[in-house]
Amino acid sequence: MNSALKALFLTDPRKNFNSYVHKCASLLKNFSDKGLVSGGTLLHGLLFKKGVFSERFIAIKLLIMYLNFRKLPEANQIVKELDGFDLVVRNCLINANVQWGNLGEARKLFDEMPERNEVSWTTLISGLMKHGRVQESMWYFERNPFKNVVSWTAGISGFVRNGFSFHGLKLFVRLLESGVKPNQVTFTSVVSACIETGDFELGMSVVGLIVKTGFEDNVSVCNSLITLCLRMGEFDLARRLFDRMETRDVVSWTAILDMYVELGDLGEARRIFDEMPERNEVSWSAIIARYSQSGDHREALNLFRQMVQLGLKPTISCFSSILSALASLELLRAGRNIHAHVKKIGIEGDVFISSSLVDMYCKCGETEDGRLVFDSIEKKNVVLWNSMVGGYSVNRQMDEAKNLFDHMPTRNNVSWGAIIGGYLEYKQFDKVFEVFNEMLLTGEIPTKPTFSSVLCGCASVASLEKGKDLHGKIVKLGFQNDVFLGTALTDMYAKSGDIASSKQVFDRMPERNEISWTVMIQGLAESGFVEESLALFEEMRRTSSVAPNELMLLSVLFACSHSGLVDKGLQFFEEMERVYGIRPKGRHYTCMVDMLSRSGRLYEAEAFINSLPFQPEANALAALLSGCKTYKNEEIAERTARKLGELAEKSSAGFVLLSNIYASAGRWIDVSNIRKLMREKGLKKSGGCSWVEVRNHVHSFYSEDGTHSESAEIYDILELLRSEMLGS
DNA sequence: GTGCATTAGG
């Protein structure tokens with residue numbers, strides 16, 4: 001940019017005056033659009049020096065620029081030099097007031113004009129549309145004596161922008177009837193209206209009209225047609241359209257880039273990005289957003305850094321993507337930096353930015369800072385509310401979450417999902433079902449993640465009844481082919497004891513991911529279908545590209561352990577690192593110790609523990625102790641117990657087991673010693689819990705008395721039943 | 001062709 005300025009500085013305007021003036025004008029517009037205040041001021045000085053300043057349309061460009069920069073004294077100065085407020089200056093002022101959001105002032109200026117031209121009308125009409133004042137805008141539209149293409153197009157695109165695409169299409173029909181010829185801009189708006197309404201048939205007939213009127217080679221029109229094809233799922237057609245374009249701009253490239261991302265081919269998208277002849281803020285934003293969405297937050301950050309280094313100004317959407325990447329990586333400090341930056345450039349109040357900020361703070365566990373941002377926003381939209389409710393939910397601050405949820409002006413299915421997900425996280429399963437039922441009563445359709453949460457709740461309380469009901473709803477909504485829901489259903493049936501249905505759902509899944517296989521292998525193993533579990537593991541290795549993971553191996557070992565297939569288990573364990581490349585973790589060793597202990601191979605189990613490269617889990621020692629109890633080996637029990645005592649782990653299971661062993665041997669002094677030790681260490685036996693489902697409500701009972709709100713009545717009835725039974 | 005209408009990203 002500086003080089004362009006330099007060139008103008010060195011050229012003599014008298015040589016080719018017209019071309020000089022036009023170069024100045026386009027440079028001014030550039031500075032104005034990009035907000036480059038210093039460049040603009042510098043150019044102003046240059047124009048003054050070179051004597052081209054008095055050129056009228058240069059002065060107007062300067063006025064527009066200063067209005068854009070909100071430099072009012074400078075703007076006033078120029079108005080003075082232009083001999084006051086004429087029609088064009090008034091038009092510029094109306095436009096500026098529209099940009100600043102002073103619609104009242106804009107209208108006042110318009111209404112008080114001594115004369116108006118077509119630009120005056122269109123400026124006001126489009127300005128009102130820009131701010132969502134559709135009705136007012138149409139009021140002026142109907143009274144506009146200059147109905148040219150531009151004002152028709154302003155009306156149509158205004159409708160589209162405000163979500164009234166159908167009205168936009170109706171206006172387009174009126175335009176055709178009026179005899180005014182639509183141009184390339186009109187067609188781009190109309191095509192986007194068709195995309196918005198999903199009326200692809202109409203879209204195709206508009207294509208016919210475009211071809212007939214000869215606008216099919218226009219870049220913008222072509223770009224919008226590419227988007228139309230993408231929305232129709234016609235990816236090949238989109239690509240062909242792109243290929244036959246003679247000139248392509250950044251928008252075309254970005255559109256085709258996004259197509260590959262949508263197809264899940266991030267590699268090809270990246271290749272296109274690297275090969276694009278020109279990249280602007282939006283193309284960068286697009287690829288950054290997609291990396292962030294697909295979970296590659298590091299790469300998103302890398303690209304963001306590169307973009308900033310190139311001197312490009314990140315857009316609002318770019319900041320919002322990067323905040324969400326930082327949120328996922330829990331990089332609080334960097335997040336705070338971005339917060340400071342967006343505050344400095346004055347976009348902190350933007351709905352996308354503010355909800356990303358809330359999300360970022362909450363994902364980093366700083367709900368209070370999130371709340372500060374939330375409270376600072378005057379015009380909150382539903383997304384912002386959802387971010388805050390969801391933020392409390394993931395941090396298990398359910399009282400705050402529910403309180404905020406209850407105060408929401410409007411809720412959507414995401415809001416309900418956030419609160420349900422929170423209760424699931426908090427393991428308040430009765431609340432999960434309660435809120436879910438409430439949601440259904442309001443007529444809101446649950447999203448897939450919400451179904452997944454509730455299914456997980458069903459799996460946790462083994463409520464087959466509710467699970468089946470959900471299954472029905474999922475099928476009704478046509479969600480049954482979704483991988484995540486299929487997996488959740490498989491898990492729910494397995495955990496609820498209906499392994500046949502679980503397998504059936506799994507078999508019918510059109511697509512399976514790593515988790516689906518894990519869940520099914522685990523489900524079969526834990527339900528005692530050891531052979532089937534091992535067979536499925538083999539099948540997966542044979543037929544799918546999914547690699548075995550830690551959890552699957554754990555299930556396989558578990559299956560071997562619980563069916564006494566000790567040697568097979570030992571073989572799998574040996575193969576873990578060598579064949580599958582998975583380093584055994586504490587859980588795997590524990591499983592092995594359990595397996596050996598169960599089959600009475602206590603010395604091997606003890607040797608196994610001693611060979612561990614790290615501290616054994618308390619559970620491993622507990623498993624060995626349990627074996628000692630079964631096979632009455634006090635010698636190993638004594639040694640293991642000592643080890644367990646040394647282990648400063650916060651697990652009560654081992655101590656409880658130890659005390660049970662002593663109890664069964666009649667060594668009561670040792671029992672009481674252990675109880676004392678547990679009290680000193682602040683360990684508490686984790687309470688047992690059972691539950692029963694009555695009329696869509698899950699009642700939980702814990703081993704401590706009186707935790708149920710109606711426990712007094714329940715015990716009364718129990719007493720009554722007992723006396724009845726004894727009496728008869 | 002002073003000034004007004006559009007397409008890609010969230």
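Heavy-atom basis, side chains included; hydrogens, waters and symmetry copies ignored. Bear in mind that the values here come from a model prediction, so they are computed numbers and not experimental data. Letters A, B, ... mirror the listed sequences (proteins, then strands); counts begin at 1.
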Of the residues in residues 185-216 of chain A, which ones touch DNA chain B at a heavy-atom distance under 4.0 Å? A:Val185, A:Thr188, A:Ser189
For the residue pair A:Trp253 and A:Phe273, is the inter-centroid distance of their aromatic rings smaller than 6.0 Å? no
By the ring-ring contact (aromatic ring centres under 6.0 Å, His included) test, which pairs, at least two apart or in different chains, include something from residues 83-103 of chain A? none
Taking atom types as modelled, is there a side-chain donor on A:Ser320 or A:Ser317 under 3.5 Å from an acceptor on the other? no
Looking at A:Arg336 and A:Asp369, is there a salt bridge between them, counting it only when a charged N and a carboxylate O are closer than 4.0 Å? yes
Mind checking what makes side chain to side chain donor-acceptor pair (under 3.5 Å) contact with A:Asn68, not counting sequence neighbours? A:Ser32
A:Thr186 side chain to A:Thr153 side chain, donor-acceptor N/O pair below 3.5 angstrom: yes
Report yes if the side chains of A:Arg371 and A:Tyr361 come closer than 4.5 Å at any heavy-atom pair, otherwise no. no
Assess whether a salt bridge exists between A:Arg107 and A:Glu136, defined as any Lys/Arg side-chain N lying under 4.0 Å from an Asp/Glu carboxylate O. yes
Under a criterion of less than 4.0 angstrom to any heavy atom of chain A, what are the 5'-terminal and 3'-terminal contacting nucleotides of DNA chain B? B:dT2 to B:dG10
Taking the six-membered ring for Trp and the full ring for Phe, Tyr or His, determine whether the centres of A:Phe57 and A:His22 are under 6.0 Å apart. yes
Checking A:Arg70 now: which residues fulfil salt bridge (charged side-chain N to carboxylate O under 4.0 Å, His left out) with it, not counting sequence neighbours? none
Could you check which residues of residues 125-148 of chain A get a heavy atom under 4.0 Å from DNA chain B? Sort them by number, please. A:Ser126, A:Lys130
Checking all strands, does A:Arg90 fall into the base, sugar-phosphate, or nothing category for heavy-atom contacts under 4.0 angstrom? nothing
